[in-house]
Structures are given as structure tokens and as C-alpha cells.
Number of protein chains: 2
Amino acid sequence: MDTDLQPADNVTAIAERLALAILEHRLAPGTKMSEDDVGEIFGVSRTIVRAAFQRLSHDRLIDLRRNRGAFVAQPTVREALEVFEARALLEPRMARSAAERATRADIAFLRDHIGQEHAAIHARDFGRALYLSGQFHVELVRIADQDTIASFIRQLVSRSSLVIALYWQRRHALCESDAHHTLIDAMARGDGALAEKVMTAHLADLLASLDLRRRTSGTMSLKDALS
Amino acid sequence: MDTDLQPADNVTAIAERLALAILEHRLAPGTKMSEDDVGEIFGVSRTIVRAAFQRLSHDRLIDLRRNRGAFVAQPTVREALEVFEARALLEPRMARSAAERATRADIAFLRDHIGQEHAAIHARDFGRALYLSGQFHVELVRIADQDTIASFIRQLVSRSSLVIALYWQRRHALCESDAHHTLIDAMARGDGALAEKVMTAHLADLLASLDLRRRTSGTMSLKDALS
DNA sequence: CCCACGTGTTTCGTATACAATTTCGCCCAA
DNA sequence: TTGGGCGAAATTGTATACGAAACACGTGGG
């Protein structure tokens, strides 16, 4: 049985836990992560932590500065715009493909996914809700069955999460927009053209809801964030 | 001035030299690279080599198999198709942007780049010619001034090089197609729409010139390839 | 003749030690 | 008070050591 997706690989496991902490906004952009501290928290040596850092750095989730250490990335305004431009180029087409390929099981899975997201909101776990909201896009590309583009989207969605952490003022109004529902409906009907259009609009909305002039701040200790 | 792009960073330097060896087809897909051997060739410890390997692995240039080692990646037919599908989605738009933004200096740079490529062909250094031919696409996106998408293209072009190594039969007829010249001409006239169209056709041609049924093979020793 | 098995060798995974660099507090002078 | 420099402490960069897993190969049984 390999239903247990726990990676037997230490560095993967730790990279994923760190990524989740960032994506759920438990670790604020700019936070410094010392190799020793992280290693001690997870009970591994710096060797492992460094490898995990390098992976996250390649996904632009953290910024690795030579002889200085690892910091949760702080996308600039320019990077934020680039990320959304890239998403606008890729995701609508993926939404179309997904709509054309989605099975009944896929649709059910996505509906369940949104269910979890709502549950998280209800439990006031906004970090997790935000993470799931991003994962929705990743799942969509998975259905489109394009692994290569999926890896790009995964990175872009992750970076979007950082952008949101930095430039989103009104937190609690999160993705209430039922864009995801609309998307699923279009997919359930196999309407690729509509799905593509809805996705385009959804991404534009997301970008428009940011205030790129102001940056929110806030920090938290490592141990608390990685519990 | 930062015209000196020599990385003071050992792992970056080694990752780049390995990447170049792969991109110039001096290292054939499937070749195993032992950490010890590579470390000895470059005069660094396995620590550095491992870090470099992890980077290349993230770009899918090498395949890292746990407890087995690092192998030059061998993209499957499916991956090959995905790579070109992704390029088809991104590059035409980038060609348009580049055409609309290119300065006189940019055009001159690209022309010179093609000049180097022809020189390499003339010197029968087909590996280098192929590398430069790929770099042309990367430079194009650089002109389009989209760093995020540029990083994706860089990866896709690299993987394309592996695809070509595996699935290209008639080697010596390389990119003689003057698609790159046509592209530059369109850019010089600032004709974005044309550049977009030419790029689309160029990528389709490239894909069509592959024979995805047959795989070429061939290998070479590490020390020779990394001299 | 072929396949299963055990042993020695190679290669990788991880921890740790030490060197190099940065950071921070402290003192002193302007 | 403020700014600069000096040294100690902390943190990262790299090499190395040792345990563990995979591989190579020779041996013996079927």
C-alpha cells in the first residue's frame, strides 16, 4: 500500500512542511529562518535543512542570501505583476482543457475540495482556507493532465500566496467570490470556452483586489509557526 | 559593472558547467554522474556536487534517484510533447512583447547571437550551435522583460535540448531554417503580430522535425565531456 | 544451463567538525 | 549624542567521516 504519501525522504518532508507554513501564512514574508533553528525544530541536521532550503529557493518561496541565511520571500510589486501575468497566460487554457477532460470523479473531488475550504473558513482557519483556495488551481491543472505546466502553476500559485500576504488589505473577504463554483459548473457541463473565460475573469479579479501600494507586515516566531 | 557574470558561488559555477555539458550534448541522456567522480573532476567535495545536482534536478536536466545517483534526464515522449505544448503557450506571446519592446541594441545583439551560431556551425561545433540556437529563445524572452516567464522558458528550452538529443534523427540539418532571421526581421519592424505568428510556426516546425518513435543513443565518459 | 543467494565493493544519505563570513555589542573619540 | 572601528559571538560554507542502501560477482543448488 502506498496510500501513505508521506515521503520517505527527509528533505522532501521538511521542504513541504516549511512550504505549508509559508503558504498558510504562518510564516510572514521576510522572516529569517536559521538553519540551526529549523534543524533543531525538526530534529535533523543542517545538511537536510540546507537541501530543503535550496528547493524552496528554487520555487521562490524563500530568498537565499549568501552568508546571510534564508528569508521568506517578499515579492516586489513587479514580481507580483509578473506572476499574475504568467498565470493569465497559462491558467485559462488549462481551465479549458480541464473542462474538456474532467470526469465525474474529478468534479466530485473539486466540489469536496471547496467544501474543505468552506469548512476551514467556518473554523476561522483563514491560513488553511487560503492555502486550499490556491490548491484548487493546482488541482485544476492536474485534471488538465499537463504535468509540466502544472509544475509552473504550482510555483505561481505559491508565489501568489506570498503576494497576497504582502499586498492584500482586507483579509477576511477571502475568495468568497464564488468564482470557483462557477468554474466547476462550467466544467461539469464540459463547457471549455466558458471555463476559460471564467478563469480569465477570476484571475483579473484577484489581481484587482490587491493594493500594490501598501504592504502589510507582521511576524511570528519559528517554533510557533512550525508546530 | 556586472558584465562579469562569473558566479563567486561554487555550486552555481558547477551547476552551470554541468548544464552546459548537457545542453551541448556532450553528456548523453541516461549518462550516470557519480558524485565522487564529478567532485574529483571539479576539485570540490560531494557537498557542492550534491547541491549542484539538486538544482539541475529541479530544472529536470538530471534525474535524481534515491540511493542510485544522478542521471542525465531522458524525457519520455509524453514529456517531450508537454514541453512543446508549454512553449507553444508561452513563447509566441513573448515574441510579440519582445517585438514591441526591442531597442536597436537588442536587435543588434540578436543578430550577433545568430552570427555566433553560424560560426559554431562553420567550426563543426554542432553541440555549441545547438546550445546557442536554444539560447536565442531565452534572449528573446529577456527582451520581453518578463523574468518569471523567462525562467520557465529557460527550463523548457533546456529540456527541449534533451528531447532533441533523444529524438532527433537528422542531426546535421540543424536549425538551418531561417526562422530566427525571420523573427528578427519582424522584431526590427516592430511587428508584434507577425513575430507571434512566426514563433508559433517555428515551434510547430521544431516539433514536427522530431521522430518520437525512435530514440538515438550514444554515450561518452564524464572526464572527456567536462574538460 | 539457469537462477537464487551471499559477500565484498561501490555509491549514496546524514551528521558533524572546522573554516570563513557576517553580525552585534562595546568602547572611544569627535 | 553620534559615528566609527574593534573583537566576540553567532551563522553560514565546505569538507570529511561513518552508516546504510544498492550493485557486482562468484558460488552452489536445482
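Here the structure is a predicted model, which means the values were calculated and not measured. Numbers restart at 1 for each chain; the letters A, B, ... are given by sequence-line order, proteins then strands.
- Nearer the 5' end of DNA chain C, as judged by each residue's closest nucleotide, is the contact made by A/Val44, out of A/Arg68 and A/Val44.
- Ring orientation note: the planes of A/His202 and A/His180 are nearly perpendicular, at an angle over 60° on the 30°/60° scale.
- In this structure, B/Thr47 reaches the bases: a heavy-atom distance under 4.0 Å links it to at least one base atom across the strands shown.
- At a threshold of 4.5 Å between non-hydrogen side-chain atoms, the residues A/Leu183 and A/Met199 count as touching.
- Considering only the side chain of A/Arg46, C/dA17 comes nearest among C/dG13, C/dA17, C/dA15.
- One atom, CD of A/Gln54, and another, C1' of C/dT14, lie 16 Å apart when rounded to the nearest Å.
- The interatomic distance linking A/Leu64 (CG) with C/dT21 (C1') rounds to 15 Å, in whole Å.
- Note on A/Asp145 versus B/Arg78: salt bridge recorded, some NZ/NE/NH1/NH2 to OD/OE distance being below 4.0 Å.
- Atom CG of A/Leu207 and atom CG of A/Leu81 lie 6.5 Å apart (nearest 0.5 Å).
- As a whole-Å value, the separation of A/Asp9 CG from C/dC12 P is 15 Å.
- Mapping A/Phe53 and B/Ser45 onto DNA chain D via the closest heavy atom, the residue that lands nearer the 5' end is A/Phe53.
- Nucleotide C/dG13 holds its C1' atom 16 Å from the CZ atom of A/Arg50, rounded to whole Å.
- Using a 4.5 Å heavy-atom threshold, the side chains of A/His25 and A/Ile164 count as touching.
- In this entry the distance linking CD of A/Glu40 with P of C/dT16 reads 12 Å, nearest Å.
- If you measure from atom CD1 of A/Ile48 to atom P of C/dG13, you get 10 Å, rounded to the nearest angstrom.
- Summary of the strand contacts: A/Asn67 and B/Glu35 both lie near DNA chain C, and taking for each the nucleotide with the nearest heavy atom, the more 5' one is attributed to B/Glu35.
- Note that CD1 of B/Ile48 is 12.0 Å distant from CZ of B/Arg46, once rounded to the nearest 0.5 Å.
- You can see that DNA chain D meets the heavy atoms of chain B within a 4.0 Å-exclusive cut from D/dT14 to D/dC23, reading 5' to 3'.
- Within a 6.0 Å radius of CD in B/Glu40, no more than 12 heavy atoms belonging to other residues, nucleotides or ligands are found.
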